[in-house]
Amino acid sequence: MLDSRGRPGVDRFALKVGRILARLGITPNWITTIGLVLAIPASYFIATDRTIVAFFIFALATIMDTFDGAVATARGGGTRRGAFYDACADKVADAFYFGAIMILVARQSITLAVVAFAAFAAANLVSYIRAKASESGLDAHIGLMERAERLLFLGVGLLFQTWWNVLPVVLWVLLVLTVVTVVQRFWSVWRQGSTEPPQPVDAVRLLPEWKDIRSEFHADDPTDPNGSMRRVWAAQRAEWAHRRAQAHARRIAARAETQQIRARLTAETRVARETGRGRRRAATKSYRRRN
């Protein structure tokens, strides 16, 4: 819900910070890696019941997860490899967090550990439904408990766990709302798919013959201005190479701009120091003359 409705406002602020980080030469993959690395000490402090320290590290890792996409946008747009890496890093970080929470609440009750595991499984199912729906050309960007809400709930639970035992309540609410989100997304995708006409048996064949694929790949279509699929693929690869070259040129320009800014600041600092020394010497000479 926050991802769908509150995201535009957050993106506007994150994009401003992302432009500054991009000028400093910081890449989105660096930020994603930092957020993933921070999940390790955060999970350690959660498992050892030092939730205040865990909260601040958890909050910093969450901020990193917010800014990686903004930096990618500021650098001219992200890549599919970066999006893939970010999605994998999010899943690994969630596994660290929920695993540490399971260790923490298992000291109170095994039931709470099972609830934490069920919430983690339901959260993965939420992401899986969205990914499969996007692969099928359907929209599943809906639900009460998306990743932003899950992180917010976990952060609140870690913050107040030191004074009050709120994690059990947070886990139960998280589990219920995540299951509701699974039902919402499944029903939405199911309704979208029910309007499609049924496909013939040949269209759903999973493993086509290699000869059919090869002949279709090399065949020239006279009605198609692009010709064969092989030519289309070659043109697509050329376009990707051109985009990579443009992104590399933008990175080089950003690094050059950063170096110029650093050189200018260094020169200004040196001039200010020399000016200050000259003023002090003049004041000393004037004082000596008067005395």
Side-chain angles (χ1 to χ4, degrees), residues 2-3 6-42 45 53-90 92-93 147-148 151-152 155 237-291:
L2 291 178
D3 285 342
R7 195 72 182 182
V10 176
D11 283 344
R12 284 193 295 269
F13 171 75
L15 184 57
K16 297 179 181 179
V17 180
R19 290 171 179 169
I20 298 175
L21 296 177
R23 291 175 183 174
L24 296 176
I26 299 176
T27 63
N29 290 341
W30 287 9
I31 300 178
T32 303
T33 303
I34 292 173
L36 179 59
V37 172
L38 288 176
I40 299 175
F45 287 117
V53 180
F55 167 76
F56 288 106
I57 302 177
F58 175 82
L60 182 59
T62 304
I63 293 174
M64 293 292 114
D65 184 56
T66 304
F67 287 146
D68 55 359
V71 173
T73 303
R75 292 169 62 93
T79 61
R80 290 182 294 180
R81 182 176 63 179
F84 171 75
Y85 177 52
D86 180 54
C88 293
D90 289 344
V92 174
R147 191 169 190 269
L151 296 178
L152 179 62
R237 290 184 59 186
E239 182 180 356
W240 292 341
H242 179 64
R243 291 183 180 179
R244 285 196 298 268
Q246 288 182 336
H248 182 65
R250 287 194 297 267
R251 287 194 294 269
I252 293 177
R255 291 173 185 173
E257 183 180 358
T258 302
Q259 293 177 356
Q260 292 177 359
I261 294 174
R262 291 177 180 175
R264 179 173 56 81
L265 292 177
T266 303
E268 292 178 354
T269 303
R270 186 182 300 109
V271 171
R273 289 178 180 176
E274 294 177 355
T275 304
R277 291 174 183 173
R279 290 178 180 176
R280 287 194 297 269
R281 291 174 182 174
T284 303
K285 291 180 180 179
S286 177
Y287 176 78
R288 289 177 180 177
R289 290 173 183 175
R290 288 195 302 268
N291 296 323

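What you see is a predicted model; the values in this text were computed from it and never measured.
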Shortest non-hydrogen pair, Ala42 vs Ala54, comes out as O-CB, 3.7 Å

Tyr85 to Asn29 - nearest heavy-atom pair and separation: CD2-OD1, 3.6 Å

Is the closest side-chain heavy-atom distance between Thr32 and Leu36 below 4.5 Å? no

Salt bridge or not between Arg264 and Glu268? Use side-chain N to carboxylate O under 4.0 Å. yes

To the nearest 0.5 Å, what is the distance between [atom1] on [X] and [atom2] on [Y]?
X	Y	atom1	atom2	result
Trp30	Ile34	CH2	CD1	8.5 Å
Leu60	Met64	CG	CE	5.0 Å
Thr62	Leu38	OG1	CG	9.5 Å

If you apply the rule salt bridge (charged side-chain N to carboxylate O under 4.0 Å, His left out), what do you find for Glu239 with Arg243, and how did you get there? CA-CA 6 Å; Glu239 182 180 356; Arg243 291 183 180 179; 2.7 Å; yes

